[in-house]
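So the structure is just underneath, and the comments pick up after that.
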Amino acid sequence: MFSLQDLALPIIAAPMAGGASTPELVAAVNAAGGLGFVAAGYRTAAATAEQIARTRQLTDHPFGVNLFAAAPSDPAAVAAVPAYRELLRPEADRLGAELPTAFPADDDDWPAKIAALVADPVPLVSYTFGLPSPAEAAALRAAGTAQVATVTSAAEAAAAAELGMDALCVQGPEAGGHRGTHDAAAEPGTEPLPELLAAVRSAVPGLPLVAAGGIGDGAAIRAALAGGATAVQLGTAYLRTDEAGTSPGHRAALASGEFTETAVTRAFTGRPARGLRNTFMDRHAGQAPAAYPEVHQLTAPLRAAAARAGESQSMHLWAGTAFRSARPGPAAELTTALWAQV
């Protein structure tokens, strides 16, 4: 079974759902001795299988597949989505976007993905937003797949360890994109990554830990490893690489100098997520209900229209606190350069 200790370089390219993670990015990071991830979030089981097949064509090194394990939203939060729709309507009208009025149940094709990964195993599966059932975890374990849970607190870490996870990805508040909290309605902790890493180590001694959040250079990698991490996970650092599927607007925003800080918001998806602070975040601060994926479904046409129009102040521009470290170029070169700085 795959182990993080098997990596030539303890550097992982974070799974970035929505298109940024590509088979080419996985292969490039793998070629440098690190570990890449297929991001299955927002994809069907069939589309995920296509991504896995393409990745296998490009690399013969182990790679991971990341799954969204989100629980259904609280009905009260879902009931508040129409009111949020009304608040967004002027902006949607300006951009020519039609906001949906119905929000179908969406489990991200979870059962089909689990079945496919049991039938055709990959070396590693990681989970974001929650945990698999004991039966699902046991089935993947029996198939020879190592499993990693994303955790944001010592309590989540303890639950994951009890389920038999092989390692934990400890995601600090500095991370870009969605915070992987197991309860969408809960306000995520603000404990900085070094302190969170120490708390998780105390809660689950002996379990390998991956440090994630705000890591963008050799000094941050060195600090995380010295703090007890077996490996580090970077996402934002790879967004501008040649192999990433990052949208042109997102790439331009990261490089522009227009954005000077990041912030955490529910405004785009209903879940707390960190991105480049823009006027959409400020305008709708505190307005979105904690309904995921319903708010994600609601804002999807608006976000797409903003991207088409090149309106970066209305786009979701996920980025961690180390966003200034993102550079263009080959991902393999970035990976080796990061390790050389350690």
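- With hydrogens and angles disregarded, a donor-acceptor distance shorter than 3.5 Å links the side chain of Arg222 to the backbone of Gln341.
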Which atom pairs, one a donor and one an acceptor, fall under 3.5 Å between side chains of residues 214-221 and the rest of the protein, sequence neighbours left out?
unit_1 : atom_1 : unit_2 : atom_2 : d
Asp217 : OD1    : Ala219 : N      : 3.3
Asp217 : OD1    : Ala220 : N      : 2.9

Exercise for the section: Test Leu117 against Ile52 for side-chain contact (heavy atoms from CB on, under 4.5 Å), laying out the working first. Expected result: CA-CA 10 Å; Leu117 290 167; Ile52 292 171; 4.0 Å; yes
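- Using a distance-only test at 3.5 Å, with no hydrogens or angles considered, a donor-acceptor pair links the side chain of Ser325 to the main chain of Ala322.
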Practice task
Just do the side chain to side chain donor-acceptor pair (under 3.5 Å) check on Thr44 and Asp109 with the steps written out, would you?
Solution key: CA-CA 6 Å; Thr44 64; Asp109 215 11; 4.8 Å; no
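- In this structure, Pro293 and Asp106 have side chains that are in contact, with non-hydrogen atoms separated by less than 4.5 Å.
- Using a 4.5 Å heavy-atom threshold, the side chains of Leu254 and His250 count as touching.
- Across every non-hydrogen atom of Ala331 and Ala28, the tightest pair is CB-CB, 3.8 Å.
- Residues Ala319 and Thr262 share a closest heavy-atom pair of O-CG2, 3.7 Å.
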Exercise for the section: Could you please spell out the steps behind the side-chain contact (heavy atoms from CB on, under 4.5 Å) verdict for Leu234 and Leu338? Expected result: CA-CA 11 Å; Leu234 296 79; Leu338 285 167; 3.8 Å; yes
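- In the hydrophobic clustering of ILVMFWY residues, with side-chain heavy atoms under 4.5 Å counting as a link, Leu95 and Tyr84 come out together.
- Environment of CD in Glu86: crowded, with over 12 heavy atoms of neighbouring residues, nucleotides or ligands closer than 6.0 Å.
- Side-chain contact between Pro289 and Val295 is present, with heavy atoms from C-beta onward closer than 4.5 Å.
- No continuous path of ILVMFWY side-chain contacts below 4.5 Å connects Val38 to Trp318, so the two sit in separate hydrophobic clusters.
- Pro301 has its side chain within reach of Pro100: a pair of non-hydrogen atoms, C-beta onward, lies under 4.5 Å apart.
- Taken to the nearest 0.5 Å, the CG atom of Asp183 stands 8.5 Å off from the CD atom of Glu156.
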Handout entry: side chain to side chain donor-acceptor pair (under 3.5 Å) assessment of Gln233 paired with Gln171
Key = CA-CA 9 Å; Gln233 181 169 284; Gln171 186 200 43; over 6 Å; no
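- Using a 30° and 60° split on the angle between ring planes, Phe268 and His316 fall in the tilted class, from 30° to 60°.
- Remark: the backbone N or O of Thr55 is not paired with any side-chain donor or acceptor of Thr59 at under 3.5 angstrom.
- In this structure, the side chain of Thr336 engages the main chain of Glu333 through a donor-acceptor pair within 3.5 Å.
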Exercise for the section: Determine, step by step, whether Thr269 and His178 satisfy the side chain to side chain donor-acceptor pair (under 3.5 Å) criterion, reporting the C-alpha distance in whole Å, the side-chain angles of both residues, the deciding distance to 0.1 Å, and the verdict. Expected result: CA-CA 9 Å; Thr269 69; His178 285 109; 2.8 Å; yes
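- Using modelled atom types, one finds no donor on one side chain facing an acceptor on the other under 3.5 Å when comparing Arg54 with Thr22.
- For Arg240 (side chain) and Ala326 (main-chain N/O), a donor-acceptor pair under 3.5 Å exists by modelled atom type.
- For Leu9 against Thr335, the heavy-atom pair with the smallest separation is CD1-CG2, 4.1 Å.
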Pair up each side-chain donor or acceptor in residues 68-81 with any protein partner under 3.5 Å, not counting sequence neighbours, and list the distances.
unit_1 : atom_1 : unit_2 : atom_2 : d
Ser73  : OG     : Tyr292 : N      : 3.1
Ser73  : OG     : Tyr292 : O      : 2.7
Ser73  : OG     : Glu294 : OE1    : 2.7
Asp74  : OD1    : Ala76  : N      : 2.7

Practice task
Could you walk me through whether Val26 and Leu58 pass side-chain contact (heavy atoms from CB on, under 4.5 Å), step by step?
Solution key: CA-CA 9 Å; Val26 175; Leu58 296 175; over 6 Å; no
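- If you chain together hydrophobic residues whose side chains sit under 4.5 Å apart, Leu197 and Val232 fall into the same group.
- Scanning all heavy atoms of the two residues, the minimum distance from Leu163 to Pro134 falls at CD1-CA, 3.6 Å.
- Note on Tyr42 and Ile114: separate hydrophobic clusters, where clusters join Ile, Leu, Val, Met, Phe, Trp and Tyr whose side-chain heavy atoms are under 4.5 Å apart, directly or indirectly.
- Arg201 CZ to Leu209 CG: the interatomic distance, rounded to the nearest 0.5 Å, is 7.5 Å.
- Listed for the Arg266 side chain is no donor-acceptor partner under 3.5 Å among the backbone atoms of Gln287.
- For the atom pair CD (Gln313) and CD (Glu91), the distance works out to 10.5 Å, reported to the nearest 0.5 Å.
- A cation-pi arrangement is present between Arg271 and Phe129 under the rule of less than 6.0 angstrom and at most 45 degrees off the ring axis.
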Practice task
Could you give me the CA-CA distance, side-chain angles and deciding distance for Lys113 and Asp108, then say whether salt bridge (charged side-chain N to carboxylate O under 4.0 Å, His left out) is met?
Solution key: CA-CA 9 Å; Lys113 287 175 182 173; Asp108 208 44; 3.0 Å; yes
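- Looking only at side-chain heavy atoms (C-beta outward), Phe280 and Leu88 come within less than 4.5 Å of each other.
- Phe37 belongs to a hydrophobic cluster with Phe2, Leu4, Leu7, Ile12, Leu35, Leu124, Val148, Val210, counting contacts under 4.5 Å between side-chain heavy atoms of Ile, Leu, Val, Met, Phe, Trp and Tyr, direct or through other members.
- Side chain of Glu136 to backbone of Ser133: a donor-acceptor contact under 3.5 angstrom is found.
- Proximity of a side-chain donor or acceptor of Asn66 to a complementary backbone N or O of Ala39 within less than 3.5 Å is not detected.
- Here CE of Met1 is found 12.0 Å from CG of Asp6. Values are rounded to the nearest 0.5 Å.
- The shortest non-hydrogen separation linking Ala20 to Leu25 is O-CD2, 4.0 Å.
- Counting all heavy atoms, side chain and backbone alike, Glu258 lies closest to Ser312 at OE1-OG, 3.6 Å.
- Here Thr241 contributes atom OG1 and Glu24 contributes atom CD; the two are 11.0 Å apart, rounded to the nearest 0.5 Å.
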Practice task
Could you give me the CA-CA distance, side-chain angles and deciding distance for Tyr238 and Ser21, then say whether side chain to side chain donor-acceptor pair (under 3.5 Å) is met?
Solution key: CA-CA 9 Å; Tyr238 286 101; Ser21 290; over 6 Å; no
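- To the nearest 0.5 Å, atoms CG (Leu131) and CG (Leu67) are separated by 12.0 Å.
- Under the 4.5 Å side-chain contact rule for hydrophobic residues, Leu317 and Leu302 do not share a cluster.
- By the 4.5 Å heavy-atom criterion applied to side chains, Glu243 and Pro330 are counted as neighbours.
- Just one of Asp282, Thr265, Thr260 meets the side-chain hydrogen bond (donor to acceptor under 3.5 Å, both in side chains) condition when paired with Arg277; it is Asp282.
- Between the Arg179 side chain and the Gly176 main chain, no donor and acceptor come within less than 3.5 Å of each other.
- Inter-residue side-chain proximity for Pro10 and Leu225 is flagged as met; some heavy-atom pair is nearer than 4.5 Å.
- At least one side-chain heavy atom of Asn278 sits less than 4.5 Å from a side-chain heavy atom of Met281.
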